[in-house]
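Reminder, nothing fancy here: chain letters follow the sequence lines and each chain counts from 1.
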There are 2 protein chains.
Amino acid sequence: MTLPDSASATASSQVFDALKKDLIRGKFKAGEKLAISTLKSHYRVGLSPLREALNRLSAYGLLEQVNQRGFRVPAMRLEELNDIANLRSQLECMALTQAFQNGDAEWESLLVAAHHRLRRADEMPEQIEEWEQAHLRFHRALLAACGSTWLLRFIEQLHDQFDRYRRMAPPNPTVRGELDAQHGTLVEHALNRDIAAGRALLDDHIRLSHDVAKGCCQP
Amino acid sequence: MTLPDSASATASSQVFDALKKDLIRGKFKAGEKLAISTLKSHYRVGLSPLREALNRLSAYGLLEQVNQRGFRVPAMRLEELNDIANLRSQLECMALTQAFQNGDAEWESLLVAAHHRLRRADEMPEQIEEWEQAHLRFHRALLAACGSTWLLRFIEQLHDQFDRYRRMAPPNPTVRGELDAQHGTLVEHALNRDIAAGRALLDDHIRLSHDVAKGCCQP
DNA sequence: AGTCCTCATAAAATCGATTTTTTTATCGAT
DNA sequence: ATCGATAAAAAAATCGATTTTATGAGGACT
């Protein structure tokens, strides 16, 4: 008897998820070449599902593939971080505008709920992964009502890219407190449908995270 | 002795390219489920490279993958076409602004060259694939100098999505002539660095293509 | 010394077969 | 007749082995 899993995970998708998480977490060195046989034993999967996951990850932009010489973790370049942060700011402000216009009561309550979970996670600084997940979900919830599937897709992709840099950088408790406070204010602006204030604050928020993330490129 | 190929293509990347082309061309029915064994014999490749290509294509958004039940060609929905066209317009106008600001002489000459090739292709209406390639390259060249790798990446992805709809729609010779003319005017605006005119025209251009492409959803 | 070749090794890519899961077909019970 | 269970067939996913290609060490030649 098999469990009625939400979506019975194949080995491919499991190792995809695990690898994605580890790549964003910074478990691998930037620029490192991945040794397939090592990954195989580490993630306990066969060659085929592993290669399928690696192929998906390079199409997603978390790996680089060169044709006859395997897979490589992308380098961390300040120039690219700037590109990611700038674009992220533009796209998220675009989405915020639409979300504030289209969002209904259901959106509001999901956003408030996501924010509540994030504040709970703020209180337990030792559980990093829980906070990271709550944080990602909060930002998703903020823009979820924007109405554009493709915009959300690109924003998610940029967010993952951005996090790869941010999580590599040394933490800054002062700034961290400020960032946390901004989340609450963002919710207020959302409930007030104050687009101008929301955009300005989200832009600040990303700029501030950007400053933190820069710490990973020039030590 | 092996040929010093530009980048020795693996079976995976070859079938990826071929499948991508066929998907955009509309060789498969929308919503169709892909029969792996059929593809295998059609593209003359083994299972592993084929599956790797399919995985890449679903990460790219040209296929949908459901975990234990294979790969499916995405349906064509008017709503999605609208989303793609809107976002494409926004992102391309963004890129155009930056390209007009940053573009140097090299950019100008590559753009003029790409336009020249496109006009040549216009003259031979029977060679569709050649025109399609020239057209894609022209639009790439127009925005190439924008300076943002990630923006270009997303635009390329949206362009592929858009083309899947456009190429399914019945051709409209009248509009087609107008669209062709717009390409020339876009080059003029680029050389004049007239950002406002360029954005307005590019927006029109996409809107007009959008109208044509709509023909595929409601026959 | 430096460059170019050759061979040995390691890694990537591919194949064919096997295992697992889904889909379809069949049959019996209500 | 419809529903549900079961068995057979088909398809997807995975494995292990093989083939192909890149990498690196050694040696001959200029």
Side-chain angles (χ1 to χ4, degrees), chain A residues 1-20 22-23 28-75, chain B residues 1-20 22-23 28-75:
Chain A
M1 193 208 311
T2 53
L3 288 176
D5 247 338
S6 51
S8 56
T10 61
S12 281
S13 61
Q14 280 177 304
V15 69
F16 172 84
D17 290 338
L19 259 168
K20 182 181 169 190
D22 287 341
L23 283 164
F28 302 96
K29 266 191 300 186
E32 175 184 354
K33 177 172 170 184
L34 296 182
I36 302 226
S37 59
T38 307
L39 297 180
K40 211 162 68 92
S41 57
H42 187 275
Y43 292 98
R44 309 292 183 79
V45 284
L47 202 57
S48 313
L50 175 59
R51 285 190 58 90
E52 289 185 12
L54 294 172
N55 272 280
R56 284 197 235 177
L57 284 164
S58 37
Y60 188 69
L62 279 171
L63 283 178
E64 285 166 359
Q65 182 172 23
V66 183
N67 249 347
Q68 224 67 275
R69 52 199 69 168
F71 299 85
R72 183 172 291 281
V73 180
Chain B
M1 193 209 306
T2 53
L3 287 176
D5 247 338
S6 51
S8 58
T10 62
S12 281
S13 60
Q14 280 178 304
V15 69
F16 172 84
D17 290 339
L19 260 169
K20 182 181 170 191
D22 288 340
L23 283 164
F28 302 96
K29 265 191 299 185
E32 176 183 353
K33 177 173 171 184
L34 296 183
I36 302 227
S37 60
T38 307
L39 297 180
K40 208 162 68 93
S41 57
H42 187 275
Y43 293 98
R44 310 292 182 78
V45 284
L47 202 57
S48 313
L50 176 60
R51 284 188 60 88
E52 289 186 12
L54 294 172
N55 272 279
R56 285 197 235 177
L57 284 164
S58 37
Y60 187 70
L62 278 171
L63 283 179
E64 286 166 0
Q65 182 173 23
V66 183
N67 248 345
Q68 223 66 272
R69 52 200 68 169
F71 299 86
R72 184 171 291 280
V73 180

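Applying the salt bridge (charged side-chain N to carboxylate O under 4.0 Å, His left out) test to residues at least two apart or on different chains, the pairs with a partner in residues 41-54 of chain A are A:Arg51-B:Glu52, A:Glu52-B:Arg51.
Contact check, A:Arg69 against C:dA11: no side-chain N or O comes under 4.0 Å of OP1 or OP2. In terms of phosphate contacts, A:Lys33 brings no side-chain nitrogen or oxygen within less than 4.0 Å of OP1 or OP2 of C:dA11. One finds a side-chain N or O of B:Ser12 lying less than 4.0 angstrom from the OP1 or OP2 phosphate oxygen of C:dT14.
Checking C:dA11, D:dA12, C:dA13 against the side-chain heavy atoms of A:Phe71 singles out C:dA13 as nearest.
Considering only residues two or more places apart in sequence or on other chains, A:Ser58 meets the side chain to side chain contact (heavy atoms under 4.5 Å, CB included) condition with A:Leu63, A:Gln65, A:Phe71. Applying the side chain to side chain contact (heavy atoms under 4.5 Å, CB included) test to A:Ala11 and every residue at least two apart in sequence or in another chain returns A:Val45, A:Pro49. Scanning for side chain to side chain contact (heavy atoms under 4.5 Å, CB included) contacts around A:Glu32 gives A:Phe28, A:Lys29, A:Val73, with sequence neighbours left out. Not counting sequence neighbours, B:Asp17 has no partner by the side-chain hydrogen bond (donor to acceptor under 3.5 Å, both in side chains) test.
For DNA chain C, the residues of residues 36-52 of chain A within the heavy-atom distance limit of 4.0 Å (strictly under) are A:Ile36, A:Leu47, A:Arg51, sorted by number.
In this structure, B:Leu54 reaches neither bases nor backbone, as no heavy-atom distance under 4.0 Å exists between it and the strands shown.
Distance, B:Arg72 CZ to D:dA12 P: 10 Å, rounded to whole Å. Between the C1' atom of C:dA13 and the CG atom of B:Asn55 lies a distance of 15 Å, rounded to the nearest Å. Atom-to-atom, CD of B:Gln14 to C1' of D:dT21 comes out at 14 Å; the value is rounded to the nearest Å. Rounded to an integer number of Å, the gap from CD of B:Gln68 to P of D:dA11 is 16 Å.
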